[in-house]
Amino acid sequence: QTRADQSIERILAHTFSWDGRLDFESGYLTNGRYGDVFDVITNAAGPTVLSSYGVIWPLGHVPLDVVQREALLTYVERGGILVLDGSTAREFSAHFTGVRVADGFMHDSYIQTALQELPTLTDPYQHRPMALVRDAVPIAWSAQGQPVLVWKAVGQGMVIVSGLDHWLD
């Protein structure tokens, strides 16, 4: 498995935890600790499918063609919430995402949020440097003041961008 596959597997295992029993409410049903709020869709999902979700969060390395990017732009403008990692955000304009995502990575073990400082992390994480553009609001930043999580209102919706690379760290 690639690092991206392992990351997706960890997120899904956490989201759809399963105790090994198959019965009416457990097993491979989507019932989990967060309720029936998650689903997995493919890159082939069109605007009609996308519009039925409140939040879309591409996991792993998700190559997007022009049609898929346009469908996601429309989805957000009509009220959807799109959560992107820094690498995927580079496939969209800075005007849309609210950030310019740089090449390369920074390493840090500190996260400050708008609400509180988090304890120092025992394992450093890597993130792509992001520069804020018009109307973007940082939610969390590194010790150097680099934004690591940002949101921007777009139309009736919102884009949230993390500096992580395909949610791997």
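No hydrogens, no waters, no symmetry mates; every other heavy atom, side chains included, goes into these values.
- Under 3.5 Å, the side chains of E77 and Y75 contain no donor-acceptor pair of N or O atoms.
- When every heavy atom of A136 is checked against every heavy atom of G98, the shortest pair comes out as CB-O, 3.0 Å.
- Between the NZ atom of K152 and the CD1 atom of I160 there is a distance of 13.5 Å, given to the nearest 0.5 Å.
- In this structure the side chain of R100 reaches within 4.5 angstrom of the side chain of V133, judged on heavy atoms.
- Follow the hydrophobic side-chain contacts under 4.5 Å out from V154 and you reach Y53 in the same cluster.
- Cluster membership check: F92 does not share its hydrophobic cluster with V67, using side-chain heavy-atom separations under 4.5 Å among Ile, Leu, Val, Met, Phe, Trp and Tyr.
- P58 is not listed as a side-chain neighbour of V83, based on a closest heavy-atom distance of 4.5 Å or more.
- Annotation: side chain of H127 is not in contact with side chain of S162 (no heavy-atom distance under 4.5 Å).
- Using a 4.5 Å cut-off on side-chain heavy atoms (C-beta onward), V76 and F96 make contact.
- Of all heavy-atom pairs spanning V161 and A89, the tightest one is CG1-CB, 3.7 Å.
- Residues S87 and R128 have side chains that bring a donor and an acceptor to within less than 3.5 angstrom of each other.
- Formation of a donor-acceptor pair under 3.5 Å by the T88 side chain with backbone atoms of D85 is not found in this model.
- Atom CH2 of W141 sits about 10.5 Å away from atom CG of L149, to the nearest 0.5 Å.
- Between L50 and L72, the closest side-chain pair of non-hydrogen atoms falls below 4.5 Å.
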Verify ring-ring contact (aromatic ring centres under 6.0 Å, His included) between F105 and H107, making sure each step is shown before the conclusion.
-> CA-CA 7 Å; F105 294 96; H107 293 85; 7.3 Å; no
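- Following chains of ILVMFWY side-chain contacts shorter than 4.5 Å, one cannot reach Y110 starting from V148, and the two form parts of different hydrophobic clusters.
- We find the CD-CE distance between Q126 and M106 to be 12.0 Å, quoted to the nearest 0.5 Å.
- In this structure, the side chain of D108 engages the main chain of A143 through a donor-acceptor pair within 3.5 Å.
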Intermediate values then yes/no, side-chain contact (heavy atoms from CB on, under 4.5 Å), V150 and M130 | CA-CA 9 Å; V150 173; M130 299 189 296; 3.9 Å; yes
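- Summarising the geometry, atom CG belonging to L84 is positioned 13.5 Å from atom CZ belonging to R90; distances are rounded to the nearest 0.5 Å.
- By the rule that hydrophobic residues join a cluster once side-chain heavy atoms approach within less than 4.5 Å of another member, L64 and V159 end up as members of one cluster.
- Counting only heavy atoms from C-beta outward, the side chains of D123 and S109 never approach each other to under 4.5 Å.
- Residues I56 and I81 are not in side-chain contact: their nearest non-hydrogen atoms beyond the backbone lie 4.5 Å or more apart.
- Atom CZ of R69 has more than 12 neighbouring heavy atoms from other residues, nucleotides or ligands inside a 6.0 Å radius.
- The structure places CD1 of I139 at 9.5 Å from OG1 of T113, a figure rounded to the nearest 0.5 Å.
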